[in-house]
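Single-structure report; data block below.
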Amino acid sequence: MYLGLDASTQSISAVIIDPNTSAIIATESINFGSELPQYSAPSGFIPDGQDGEVHTDPSMWLDALDLLLHRLNSNGADLSKIKTISGAGQQHASVYLSEAFHSALETLDSRSSLSEQLKPTFTRTTSPIWMDSSTAEECAEITQQVPSILEISGSVATMRFTGSQIRKFYKQDPDQYQKTDIIHLNSSFLSSIIAGSSSSIDTGDGAGMNLMDLATSTWHLGLLDATAPNLSDKLPPIQPAGTYISMISSYFVEKYGFSPDCQALSWTGDNPASLVGMGAASIGKMVISLGTSDTLFSAIPEPVTDPNGYGHVFGNPIVPGGYMTLLCFSNGSLARERLKNDAQLSWTDFETEALSETPIGNNGKLAAAFYAPETTPKLDSNNVHTNGWDFDTAPSSIKVRALLEGQFLNIRLHSKWMNISPENILITGGASANSGIAQTIANVFNAPTKRLASNASSVSVGAAIIAALSDGHDYEELTKQFCQTEEHATAPQNGAEAHTAQLREFDALIDSLVTE
Ligand code: XUL
């Protein structure tokens with residue numbers, strides 16, 4: 001059996017797969033906000049950060065990992081049968097650790113918790129996460145030093161990416177930066193914990209740092225120099241996802257009953273793992289993931305860059321030398337939830353309101369619900385923008401359709417440069433279960449939507465598949481077993497015309513916001 005872990009923004013989840021019986025043996029999830037209220041992070045991050053800063057206490061991730069494994073164990077999962085473990089983390093988030101981290105890992109005591117033992121090794125008490133938009137200055141400085149950053153790293157200097165976050169730390173607190181022995185991503189941090197020794201970073205997650213040379217899958221010295229001094233001494237090596245790190249730490253053997261022969265493998269980022277879990281690691285498929293962030297991604301053979309600078313190229317986690325392209329939209333589930341709560345709706349109301357009480361196209365009423373700063377388009381915002389109507393006083397059915405159509409028009413608008421027109425759109429992430437949302441995507445893209453038949457999370461399934469691949473299982477076979485999809489919503493008869501006109505108007509609305 002193989003264990004896949006998914007350390008996302010709001011929760012940490014696990015799935016155990018058994019390729020011998022094609023069965024998903026167990027799933028489990030710990031929500032940070034509700035299960036670890038002591039961290040005062042209801043949505044997985046510290047609220048009310050100043051000047052675009054969005055950080056999290058990395059101890060929370062450790063407590064959640066302990067709780068997750070405890071829960072799996074007490075709910076009857078036989079962890080002694082797990083042969084290999086891989087995982088995926090929210091991308092870009094970084095953890096800063098002193099030299100003491102290495103010895104603390106080697107001597108973890110199962111009578112105490114992970115957070116108690118590792119907290120003293122943090123040189124930066126909080127971790128910047130992907131929602132952070134506080135590093136415009138650092139991005140400009142790095143770009144000035146290395147103007148070809150897009151061609152080298154696959155992305156323009158991007159505020160949520162790790163490079164500019166490292167630079168900000170170095171500038172704000174040079175002493176603590178100097179005391180930092182190793183900087184991990186959320187993914188490589190947690191894989192290090194499982195292994196009991198420092199892990200590598202993979203090319204899927206590593207490309208989200210603005211520090212990796214995509215062509216060679218190595219750290220780019222010019223970018224490291226432009227970011228912070230001696231950075232090459234502080235970064236783990238880059239290796240493919242699923243690389244063997246070591247046998248699992250005895251902490252987990254003693255505490256949760258893992259076999260001492262269980263192998264700890266390197267992890268990847270949540271989006272790259274989801275590409276694998278959706279069976280989309282081969283060319284020609286397009287996935288929209290509806291999580292805390294909404295993302296659109298697709299496997300590509302060669303790096304292609306977005307002329308507008310919003311798209312990213314990451315390494316394909318299971319195709320050596322292959323790539324994936326990705327767009328990220330920050331106002332995803334939290335925006336949907338905000339409207340749901342403000343209008344006092346349930347998710348079922350959300351479905352029927354979006355589907356039956358308003359026509360496709362919403363009689364021309366458009367909205368860009370950017371309740372928080374948006375990454376695509378890059379915009380500092382804290383409210384809903386419309387094409388001239390009052391969002392606040394409108395009936396909730398109109399608001400729901402406007403918000404959903406706006407979210408997916410924004411995705412369609414910003415993915416035009418990819419020139420991908422797949423026969424169907426694979427959808428995943430919590431909100432993909434909602435048929436109103438699935439239908440709105442089918443309408444806007446004029447293509448049917450499909451989702452995983454198993455209802456499992458594609459990120460943890462992808463991580464479990466990476467774990468199984470490393471033990472010699474065949475990708476095609478695993479895909480047939482765990483990535484079957486079923487149609488969820490069909491495209492409407494008149495969808496294309498309705499939304500093509502709407503797309504032009506939405507484009508004008510976005511233009512007016514960006515140039516404001
Ligand atoms: C991708 C991105 C987010 C995070 C959180 O670039 O920033 O999708 O991975 O899920």
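The analysis underlying the following values was restricted to heavy atoms, covering all of them including side chains, and did not include hydrogens, waters or symmetry mates. In each ligand, atom 1 is the first atom listed, and ligand 1 is the first ligand listed.
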Name the one of Ser94, Ser198, Ser127 that satisfies side chain to side chain donor-acceptor pair (under 3.5 Å) with His184?
-> Ser198
What atoms of ligand 1 come closer than 4.0 angstrom to any heavy atom of Gln91?
-> 4 (C), 9 (O)
Given the side-chain rings of Phe122 and Tyr96, with only the six-membered ring counted for Trp, is the space between their centroids under 6.0 Å?
-> no
The protein heavy atom nearest to atom 9 (O) of ligand 1 is Asp270 OD1, 2.8 Å
What residues form a side chain to side chain donor-acceptor pair (under 3.5 Å) with Asp380, not counting sequence neighbours?
-> none
Protein contact of atom 7 (O) of ligand 1 - nearest heavy atom, named by residue and atom, plus distance | Arg160 NE, 2.8 Å
Atoms of ligand 1 under 4.0 Å from any heavy atom of Leu326, numbered from 1 in the order shown, are 1 (C), 6 (O)
Measure centre to centre between the rings of Phe161 and His312, then say whether the value is under 6.0 Å.
-> yes
Measure the distance from atom 5 (C) of ligand 1 to every protein heavy atom, then report the residue, atom name and distance (to 0.1 Å) of the closest one.
-> Trp130 NE1, 3.2 Å
Any side-chain donor near an acceptor of the partner, Glu374 and Asn331, under 3.5 Å | yes
Thr292 contact mode with ligand 1 (heavy-atom cut-off under 4.0 Å) | neither
Starting from atom 3 (C) of ligand 1, find the nearest protein heavy-atom neighbour and note its residue, name and distance.
-> Ser293 OG, 3.4 Å
Distance-only side-chain donor-acceptor flag, Ser200 / Gln239, under 3.5 Å = yes
Would you say His92 and ligand 1 have an N/O pair spaced under 3.5 Å apart?
-> yes
Answer yes or no: is there a donor N or O on one side and an acceptor on the other, between the side chain of Asp66 and the main chain of Leu114, under 3.5 Å?
-> yes
Could you list the atoms of ligand 1 found under 4.0 angstrom from a heavy atom of Thr295?
-> 8 (O)
